[in-house]
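Beneath this line is the structure, given in structure tokens, with notes to follow.
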Protein chains: 2
Amino acid sequence: MGRTAASGAERGVTMRDVAKAAGVSIKTVSNVVNDYEFVSDATRKRVSRAIDELGYSVNVSARNLRKGRSGIIALVVPDLQMPYFAQLSSLVITEAKKLGLRVIVEPTLYSREGELNALHGTQTGMVDGIIYSPLELGQDDVAELDVECPLVLIGERIFTDRVDHIATENVEGAKRATSYLLQTGCRRVAVVGVHPGETVGSAALRFQGYREALEESGVEFDPALVVPSVMWHRSDGERAMNDLLDAGVVPDGVVALNDMLASGVMHAIQMRGMNVPDDIAVIGFDNSDDSQYLSPSLTSIAPGLEAVARLSVRVLNDRIDGRLPLGVADGAHVFRKVASTLVVRESTRPLN
Amino acid sequence: MGRTAASGAERGVTMRDVAKAAGVSIKTVSNVVNDYEFVSDATRKRVSRAIDELGYSVNVSARNLRKGRSGIIALVVPDLQMPYFAQLSSLVITEAKKLGLRVIVEPTLYSREGELNALHGTQTGMVDGIIYSPLELGQDDVAELDVECPLVLIGERIFTDRVDHIATENVEGAKRATSYLLQTGCRRVAVVGVHPGETVGSAALRFQGYREALEESGVEFDPALVVPSVMWHRSDGERAMNDLLDAGVVPDGVVALNDMLASGVMHAIQMRGMNVPDDIAVIGFDNSDDSQYLSPSLTSIAPGLEAVARLSVRVLNDRIDGRLPLGVADGAHVFRKVASTLVVRESTRPLN
DNA sequence: TTGTACGCGTTATCAG
DNA sequence: CTGATAACGCGTACAA
């Protein structure tokens, strides 16, 4: 009434109103609201009742101003629709909630500009910290990471000792995948989804792991078994596998650099009347949610996203609170590589 | 340097500092910052320079306190990892950005408690509005939607005239899908993913559309062609289709109630050496991102998520600003059903 | 254990 | 066009 009824949030009932209604001072109301321990039960009750009756709720903006905090962090990712980042976001939000933080998700939509904007744009204010997972920025852009608020870097595109960094085991994971195929009897293992010429980023690192595994097992590297694909969609995997088979190259195992590629690879194999894993074993990467729903269900490398999420949020929270993250010297920065694990399902042959 | 580098946001340079440095008053700085038009170019320049030199940036918390707004809206969805909601979130975020709003995504993880908490929890403060897409709450919970801030409801679980509501064409969409199969020559059209006993929610509405299409075309309804499945994953679709075929029922078309089911259905068909669409045509629902990457690519009903996102954000923004959304009388509420469209791809036969 | 009074950084209302 | 000055609602020394 009275007013234009505009004002979104509170109806205007403040601590002062509550104080008056309960016959106490503002400070006492504040104490109750913030669960300050030295408040007599009697007053606490009176105040609580007044709060309920007036429908009071604290004005978060005022609190933020006073405390110099917003309780909000930004999560910057390329694209919410990619299973990998959707899962990461989901986990980060869950983890943040545990620590009383809320998350603003900022998709940069694969644009360099978007990624820079998330760091230096006008919208930057009000977040206490940033979890940053770039796909476009590269090693040359290290300087851009120098921002006002704490920042935790995720991924394998940039390496620097100037910010906290949580990385995943791309090399090791791909190596483990390849080794597993070799151990289960594969001799001609193809790799699908390579980005020729790249030296940083998931594709390059995973391909490196593939090569290391071959080398370690004494299996000779065969360029004919390497299938490039810039995009990593299902149809790319299908096309890649068809190209390979059309060229007369028949592997007995395939390492796909992500699960969607793997899905397409399996489909191509099955469409030719061959069996996965008996004729050709297939292994994926990312252990995305639907790898278990494929048929056969897909053996995959789980990058440990839970750990990535947990660590990122925790480290960021420590920085925000001005604490040193666990196990880091003053002035130094966190660098953690999260262990990946092999999730064995039906698309590969058993170990014996 | 100097300090512990802790303090999240600003280093403490305020409008007052800028004003002093530029030799003007605070108000003038404010004017410049907010692009107030009646500022002489000279002053504007002086102030701008001072801002740059001191590295000033506005304190968003203070602004929020003063304006009674935070510029943040909450988007409440069941699960970020479901393609449908990932896409919706992505679109809402993009749309909100255009209007200068930021989005906090709140996954409720399929829990009733989570959905209620998003409305009445302690974290509620500070958001100017809520876009609410419940999956657990039902018609009985209408009262819960009565919250302090503007709220826009999305989905088909609850219908009420007490809040703004953007719905999608579930009935019409499924009807269109079924009709299309019939028009392209199918005579025995199965439906996969039905939830027996349900009367609200996507499953019930889509099934209803299926029946209406049959009726309209004068094709008799055959219960044997109805395959229930509570879950809507790929493997559920595969199992459902296998059950159907194992029972000796061979349809010439399948309406899957979402794309993941459709994917499984196609796989089951292909694994038996049959062809999609020549032997059995398949149509999905949601037009999820990867329906185009299946093989054959999947004909699907696109629920018009872009429009849902655009409308929700716009309506919410109007309410936040105290405006009446376009075409709504005072005291009334928006109810909009967004048109769905049929996206024809390779999994169905052509019209002629 | 509770009350008083001030300041956080902006924006808005006036005069000038 | 610009300058004082009063809120905005809450936290917090400090005093009682």
Side-chain angles (χ1 to χ4, degrees), chain A residues 3-4 6-48 50-51 54-71 122 124-126 128 148, chain B residues 7-48 50-51 54-71 100 122 124-126 128 148:
Chain A
R3 286 312 201 67
T4 21
S7 135
E10 276 66 53
R11 188 169 304 287
V13 33
T14 97
M15 274 196 174
R16 187 163 20 242
D17 302 328
V18 177
K20 204 170 295 171
V24 298
S25 85
I26 297 191
K27 164 69 171 158
T28 305
V29 179
S30 173
N31 284 341
V32 171
V33 168
N34 296 310
D35 284 326
Y36 183 63
E37 44 182 344
F38 304 117
V39 182
S40 73
D41 277 2
T43 13
R44 186 183 299 279
K45 229 163 222 150
R46 268 224 313 292
V47 173
S48 300
I51 289 179
L54 298 180
Y56 166 81
S57 61
V58 340
N59 179 321
V60 189
S61 296
R63 172 180 289 176
N64 290 345
L65 170 58
R66 193 54 236 243
K67 311 227 286 196
R69 293 265 179 81
S70 66
T122 60
T124 312
M126 192 183 22
D128 294 343
E148 296 287 323
Chain B
S7 136
E10 277 66 52
R11 189 170 303 288
V13 31
T14 96
M15 273 196 174
R16 192 171 6 253
D17 302 329
V18 176
K20 203 170 295 172
V24 299
S25 84
I26 296 190
K27 168 65 173 161
T28 305
V29 178
S30 173
N31 284 342
V32 172
V33 168
N34 296 308
D35 285 326
Y36 183 63
E37 44 182 344
F38 303 116
V39 181
S40 74
D41 275 3
T43 6
R44 186 183 299 279
K45 227 162 223 153
R46 267 224 314 292
V47 173
S48 299
I51 288 179
L54 299 181
Y56 165 81
S57 61
V58 346
N59 180 321
V60 189
S61 296
R63 171 181 292 176
N64 291 344
L65 169 58
R66 189 55 237 230
K67 311 230 287 195
R69 293 267 178 80
S70 66
T122 59
T124 312
M126 191 183 21
D128 293 343
E148 296 287 322

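Chain letters run A, B, ... following the sequence lines, proteins first, then strands; residues in each count from 1. Not measured: the values here are computed from a predicted model. Heavy-atom basis, side chains included; hydrogens, waters and symmetry copies ignored.
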N or O in side chain of [X] less than 4.0 angstrom from [N] OP1/OP2:
X	N	result
A:Thr28	C:dT2	no
A:Asn34	D:dG11	yes
A:Thr43	C:dT2	yes

Has [X] got a side-chain atom pairing as donor or acceptor with [Y]'s backbone, closer than 3.5 angstrom?
X	Y	value
A:Ser48	A:Arg44	yes
A:Arg46	A:Ala22	yes
A:Asn34	A:Asn31	no

- Base, sugar-phosphate, or nothing for B:Val33, non-hydrogen atoms under 4.0 angstrom?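 The answer is nothing, as B:Val33 stays clear of every strand by at least 4.0 Å.
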- Assign A:Val39 to base, sugar-phosphate, or nothing according to its heavy-atom contacts below 4.0 angstrom with the strands shown.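 Sugar-phosphate only.
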Candidate nucleotides [options], ranked by approach to the side chain of [X] - the nearest:
X	options	result
B:Ser40	D:dG9, D:dT2, D:dC10	D:dT2
A:Lys27	D:dG11, C:dG3, D:dC1	C:dG3
B:Ser30	C:dG3, C:dT11, D:dT2	C:dT11
A:Asn31	D:dC10, C:dT2, D:dC1	C:dT2
A:Thr14	D:dG9, D:dA4, C:dG3	D:dG9
A:Lys67	C:dT1, D:dG11, D:dG9	D:dG11
B:Arg63	D:dG3, D:dC1, C:dT11	C:dT11

[N] [atom2] sits how many Å from [X] [atom1], rounded?
X	N	atom1	atom2	result
B:Lys20	D:dG3	NZ	C1'	15 Å
B:Asp17	C:dT10	CG	P	9 Å
B:Arg16	D:dG3	CZ	P	15 Å
A:Arg69	C:dG9	CZ	P	15 Å
A:Glu37	C:dT2	CD	P	13 Å
A:Tyr36	C:dG3	OH	P	13 Å
A:Ile26	C:dG7	CD1	P	16 Å
A:Arg46	C:dT1	CZ	C1'	13 Å

- Query: Want to settle it: does A:Tyr56 or B:Gly23 sit nearer the 5' end of DNA chain D, counting the closest nucleotide to each?
  - Reply: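 Upstream on the strand: B:Gly23.
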- Task: Take A:Met15 and A:Asn59 through the side-chain contact (heavy atoms from CB on, under 4.5 Å) test and state the conclusion after the steps.
- Result: CA-CA 9 Å; A:Met15 274 196 174; A:Asn59 179 321; over 6 Å; no
- Message: For B:Val24 versus B:Val47, what's the shortest heavy-atom pair and its separation?
- Response: CG2-CG2, 4.0 Å
- Task: Tell whether B:Arg66 reaches the base of C:dA12 with its side chain through a donor-acceptor pair below 3.5 angstrom.
- Result: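 Counting by modelled atom types and ignoring angles, no donor-acceptor contact under 3.5 Å is found here.
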- Between B:Ser70 and B:Asp128, is any side-chain donor less than 3.5 angstrom from a side-chain acceptor?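 Side chains of B:Ser70 and B:Asp128: pair found under 3.5 Å.
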